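The structure appears right after this line, and notes come after that.
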Amino acid sequence: MNTRPLILISNDDGYDAKGINDLANFVRDLGDIIIVAPDGGRSGTAMAMTSASPVRVKKVREEEGLQVYACSGTPCDCVKLAFEFLLPRRPDIVLAGINHGDNAAVNVHYSGTMGVVIEGMMKHVASVGFSSCKRAADADFSALRPYIHHIVAKVLAEGLPNHVCLNVNFPERDTFGGVKICSMDAGQWLNEWEKRTDPHGRDYYWLTGNYETPNANDATTDRWALDHGFVAITPIQLDMTAYRAMALLKNYF
């Protein structure tokens with residue numbers, strides 16, 4: 001029986017994205033890897049699931065210690081299918097990324113990358129998402145290697161608290177000021193759509209937006225950490241209950 005850790009990896013940029021292949025290479029020595037990822041880009045799908053059409057999956061590559069599957073569904077579908085049909089046993093860790101673009105602050109709620117991680121957390125498996133502020137398809141992620149390797153090795157060895165996962169974001173640079181454990185910044189997106197006109201004179205809309213935060217000087221947040229050159233590690237929990245509001249609501253109702 002193989003005693004090496006089993007690592008499940010997915011993303012929302014597609015199985016052939018540079019980020020996911022770099023991630024697999026960075027942790028290749030830590031265990032056997034199974035990649036189950038979308039067959040194309042699925043950014044912004046959060047934890048969406050495919051319910052109105054069939055989902056297909058095919059193995060696209062296999063070598064010693066590595067299997068790669070392409071899935072027609074969402075990142076969340078990929079994890080669910082992996083657990084149900086593709087994994088030989090329960091994985092020791094679920095990883096997502098490396099995403100081409102950060103998933104800091106409120107972007108957690110939109111992110112297909114973090115959808116992978118949250119689904120893994122919901123299955124009681126230690127789960128970590130990795131994202132970089134570098135968006136280019138050919139981005140150089142080599143500076144991330146020692147950080148990612150250390151984080152994955154530590155989580156494999158020590159685990160994570162139940163119903164807690166990690167959102168790890170890297171700034172757009174090749175040298176970092178260190179690592180900060182952060183809270184999630186609570187800014188918002190403004191001017192989210194740009195109105196345009198096609199050659200036939202018909203209006204259409206293109207997703208855009210500017211992120212603004214009232215907490216720009218709060219050094220405890222992930223957004224501040226990235227803006228100041230730090231690797232931001234934000235623990236995310238499954239329980240979204242607003243406990244501070246419970247007493248108020250009891251008075252209301």
Side-chain angles (χ1 to χ4, degrees), residues 2 4-17 19-21 23-24 27 30-62 65-101 103 107-131 148 151-152 155-156 159-168 234-241:
N2 191 347
R4 281 166 54 84
L6 181 60
I7 302 171
L8 172 64
I9 302 179
S10 191
N11 71 351
D12 67 1
D13 289 322
Y15 75 94
D16 56 352
I20 198 170
N21 287 283
L23 176 57
V27 300
L30 295 177
D32 292 330
I33 295 171
I34 295 181
I35 293 175
V36 185
D39 56 12
R42 303 286 192 278
S43 294
T45 52
M47 293 193 70
M49 297 178 292
T50 302
S51 61
S53 60
V55 174
R56 305 185 188 278
V57 63
K58 64 177 181 178
K59 184 182 288 186
V60 295
R61 192 165 95 246
E62 182 173 10
L66 174 67
Q67 297 178 44
V68 181
Y69 294 85
C71 174
S72 66
T74 67
C76 188
D77 290 336
C78 292
V79 178
K80 289 181 178 293
L81 278 169
F83 272 79
E84 191 79 16
F85 293 111
L86 304 176
L87 296 173
R89 57 184 172 85
R90 190 175 182 81
D92 296 279
I93 194 169
V94 173
L95 305 178
I98 304 168
N99 194 65
H100 294 249
N103 280 305
N107 291 336
V108 168
H109 296 287
Y110 303 114
S111 167
T113 301
M114 289 306 296
V116 168
V117 177
I118 294 170
E119 182 65 28
M121 172 180 63
M122 290 173 64
K123 296 187 180 302
H124 308 287
V125 175
S127 302
V128 185
F130 296 101
S131 303
I148 289 175
I151 291 167
V152 174
V155 172
L156 279 170
L160 290 172
N162 193 36
H163 290 161
V164 171
C165 61
L166 300 183
N167 180 23
V168 182
T234 306
I236 303 296
Q237 65 183 10
L238 178 62
D239 186 354
M240 297 174 67
T241 305

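All values derive from a computational prediction rather than experimental measurement.
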(message) Working note: Asp32 + Leu66, criterion side-chain contact (heavy atoms from CB on, under 4.5 Å); need CA distance, chi angles, decisive distance, verdict.
(response) CA-CA 6 Å; Asp32 292 330; Leu66 174 67; over 6 Å; no
(request) Show your reasoning for whether side-chain contact (heavy atoms from CB on, under 4.5 Å) applies to Asn103 and Val108. (result) CA-CA 6 Å; Asn103 280 305; Val108 168; 5.6 Å; no
(message) side-chain contact (heavy atoms from CB on, under 4.5 Å), that's the test. Do Ile236 and Leu166 meet it? Break it down for me.
(response) CA-CA 6 Å; Ile236 303 296; Leu166 300 183; over 6 Å; no
(request) Report the C-alpha distance between Val94 and Val116 in whole Å, list the side-chain angles of each, state the deciding distance to 0.1 Å, and finish with yes or no for side-chain contact (heavy atoms from CB on, under 4.5 Å). (result) CA-CA 8 Å; Val94 173; Val116 168; 3.9 Å; yes
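Using a 4.5 Å heavy-atom threshold, the side chains of Leu30 and Ile7 count as touching. For the pair Met240 and His109, the minimum side-chain heavy-atom distance is below 4.5 Å. Contact of the Met122 side chain with the Met47 side chain is registered, since non-hydrogen atoms from C-beta on lie closer than 4.5 Å. Side-chain atoms of His124 and Asn162, non-hydrogen and from C-beta on, do get closer than 4.5 Å to each other. The shortest distance between side-chain heavy atoms of Leu8 and Leu95 does not fall below 4.5 Å. With contacts defined as side-chain heavy-atom distances shorter than 4.5 Å, the pair Phe130/Asn99 does not qualify. Side-chain contact between Tyr69 and Leu86 is present, with heavy atoms from C-beta onward closer than 4.5 Å. Between Val155 and Val152, every side-chain heavy-atom pair lies at or beyond the 4.5 Å cut-off.
With sequence neighbours excluded, the residues satisfying side-chain contact (heavy atoms from CB on, under 4.5 Å) with Asn21 are Arg61.
Here Ser72 contributes atom OG and Asp77 contributes atom CG; the two are 7.5 Å apart, rounded to the nearest 0.5 Å.
Residue Arg90 qualifies as enclosed at atom CZ: its count of foreign heavy atoms under 6.0 Å is above 12.
For Cys71 against Leu81, the heavy-atom pair with the smallest separation is SG-CD1, 3.8 Å.
Panel note: side chain Ser10, backbone Val36; a donor-acceptor pair is recorded below 3.5 Å.
A salt bridge links Lys123 with Glu119: at least one charged nitrogen is closer than 4.0 Å to a carboxylate oxygen.
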